[in-house]
Amino acid sequence: MALAPNSVLRERQFASDNWAPMCPEAWEAMAQANQQHQPGYGDDVWTTRAADLIRQVFETPCEVYFVFNGTAANALSLSAMCQSYHSILCHQTAHIETDECGAPEFFSNGTKILLLPGDHGKLTPEVIEAAATRRSDIHFPKPRVVSITQATELGTVYSVPEVRAIADCARKRGLHLHMDGARLANALAGLGVAPRALTWEAGVDVLSLGGTKNGGGIGEAVVFFKRELAFEFEHRCKQAGQLASKMRFLTAPWVGMLTDGAWLKHARHANRMAQLLEKELEAVPGVKLLQPRQANAVFVQLPPTAVQMMHERGWRFYTFIGDGGCRLMCSWDTQANDVQAFVADLKQTLAT
Ligand SMILES: *Cc1c(COP(=O)(O)O)cnc(C)c1O
């Protein structure tokens, strides 16, 4: 991102939760993993523990793989479910469509992504049903997967009944259900429900589980609740350059975050900071909230001059995500005084 010379950057920003450092629990586990020799390629104790902790947290047997990032988690898990002549149904703002440079299509050798509308970044059974039944002839890429994002790209959250209704619709049409859970922890914290309730119990077959934005450093997990879909998945990971040689450094942070619930503690905190930011912004004339805040993001409309002036004051946030407006993203380390400083600067900016 181009910075104005001499601009004073803030210590913590609202640009993205991937701007934050690693949380202490993840960092500490990394330090502990940085001792002695351990087998490579995932045959180490940290990887075993991380996978076991994921099974424990979701309270079910499932197949777990670790990859370097969310694009790989999504693209490889989707390609495991699709042939090249299939299609994937997702919301038009979905990360797999707008932010992965065509990786799902590439790794699936051409599976087509079909974009669906929906308020607040969410799909409904109705739009899925319409898309899945619109064509059944040989000329159309056959729908095979529904992919939903939790929390969504617009900072909203699917409730348990909403996920279940989508899963029921998908199952009726012979479609698998994939969840892009880059911010699943924030969704869980927002709803206050058990991980199992929002995923496999509600009908999710495969989950891309985010660790980075939650407080990790590198690496996301792919969780196959429908275990047969993981057939030969390790080969897919290796071929795609996603098998870490010193795997323990991808997986130790998961052990740190999942032991004793640090992942949910951090997500709750990020959500609370977003809630505070929303409350403060609601009271500022000239600021329009664009989406219901249900996780750790606040979307607002600001006058273009205010955006420019806030950038000059050293604040960084994105203006190109979702349906437009400014996205203000809170992280595990966002402090209440960051929120207050931002809002104070914004009020001054709007008054000039
Ligand atoms: C950040 C993010 C990802 C993962 O992106 P990578 O940069 O590839 O790690 C996936 N889905 C959503 C919704 C995200 O916000």
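One-based numbering, in listed order, for ligands and for the atoms of each.
- Ion pairing between Lys226 and Asp205 holds under the 4.0 Å rule for side-chain N and carboxylate O.
- For Asp43, there are no side-chain hydrogen bond (donor to acceptor under 3.5 Å, both in side chains) partners at least two apart in sequence or on another chain.
- For a heavy-atom separation below 4.0 Å, the residues in contact with ligand 1 are Asn69, Gly70, Thr71, Asn74, His95, Thr149, Glu153, Asp180, Ala182, Arg183, Lys213.
- In this structure, the side chains of Glu162 and Leu123 stay at 4.5 Å or more apart for every pair of heavy atoms.
- Remark: Trp332 pairs with His266 by the ring pair (Phe, Tyr, Trp, His ring centres under 6.0 Å) rule, at least two apart or across chains.
- A cation-pi contact links Lys122 to Tyr158, judged by a cut-off of 6.0 Å to the six-membered ring centre and 45° from its axis.
- For Arg173, the side-chain hydrogen bond (donor to acceptor under 3.5 Å, both in side chains) partners at least two apart in sequence or on another chain are Glu129.
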